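To start, the structure under review is shown below, and the notes come after it.
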Amino acid sequence: MLDCVLQFGLSHDDYHPKELSYDLLHNILEKPGQVSAADKAKYDILLTDALVTFMNHLHYGKLNPDFPLPKLTRVFRPGSMRMKLWRVPSIKMTL
């Protein structure tokens with residue numbers, strides 16, 4: 001699905017293309033014992049972030065001045081799962 005972002009006028013670079021390789025996905029699915037738990041978790045977090053960001057860009061637009069990120073996050077109550085997902089783009093992965 002993330003390979004189709006160009007069709008929507010979006011850029012691959014916004015969705016962790018270097019970290020979300022097909023080779024790593026193949027290894028996670030076909031050879032799970034050879035991939036560390038940390039690498040699986042990092043892939044899961046980055047894929048979730050990419051999909052949430054992609055959905056956000058499709059729904060609100062990538063550069064929509066009427067819906068900046070702080071305004072969007074106020075919609076959700078603090079501590080909720082959705083609030084945490086909206087903040088994922090600010091996480092720096094250092095695994």
Side-chain angles (χ1 to χ4, degrees):
M1 181 166 82
L2 290 174
D3 285 340
C4 300
V5 299
L6 294 176
Q7 295 175 2
F8 299 99
L10 300 169
S11 171
H12 280 116
D13 293 337
D14 295 330
Y15 310 102
H16 314 293
K18 292 177 184 131
E19 296 88 354
L20 297 176
S21 70
Y22 283 112
D23 291 336
L24 181 55
L25 176 61
H26 179 266
N27 289 340
I28 290 171
L29 296 175
E30 300 296 325
K31 306 171 192 173
Q34 296 179 5
V35 181
S36 71
D39 286 340
K40 291 177 190 175
K42 180 179 177 181
Y43 196 92
D44 184 33
I45 290 168
L46 290 173
L47 183 59
T48 301
D49 175 61
L51 289 173
V52 169
T53 302
F54 179 57
M55 290 184 292
N56 185 33
H57 288 167
L58 288 179
H59 186 75
Y60 295 105
K62 182 175 176 184
L63 301 173
N64 188 337
D66 293 329
F67 291 98
L69 188 59
K71 185 175 182 179
L72 290 173
T73 57
R74 281 196 303 266
V75 172
F76 306 108
R77 69 179 196 279
S80 71
M81 179 54 114
R82 285 185 175 171
M83 180 65 140
K84 290 175 186 167
L85 286 177
W86 283 106
R87 291 187 177 192
V88 168
S90 65
I91 292 176
K92 299 290 184 200
M93 297 301 300
T94 57
L95 296 177

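Source: prediction; values computed, not measured.
Under the 4.5 Å side-chain heavy-atom criterion for ILVMFWY residues, a single connected hydrophobic cluster contains both Leu29 and Leu46.
Here CD1 of Ile45 is found 11.0 Å from CG of Leu47. Values are rounded to the nearest 0.5 Å. Between Asp44 atom CG and Ile28 atom CD1 the span is 8.5 Å, to the nearest 0.5 Å. The distance from atom CG of Leu51 to atom CG of Asn56, rounded to the nearest 0.5 Å, is 12.5 Å. Rounded to the nearest 0.5 Å, atoms OH (Tyr43) and OG1 (Thr48) are 11.0 Å apart.
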### Message
For Met55 and Val52: C-alpha separation, side-chain torsions, deciding distance, then whether side-chain contact (heavy atoms from CB on, under 4.5 Å) applies.
### Response
CA-CA 5 Å; Met55 290 184 292; Val52 169; 4.2 Å; yes

Could you go through residues 7-16 and list every donor-acceptor pair under 3.5 Å that involves a side-chain atom there, pairing it with any protein atom two or more places apart or in another chain?
unit_1, atom_1, unit_2, atom_2, d
Ser11, OG, Asp13, N, 3.2
Asp14, OD2, Lys62, NZ, 2.4
Tyr15, OH, His57, ND1, 2.6
His16, NE2, Asp49, OD2, 2.4

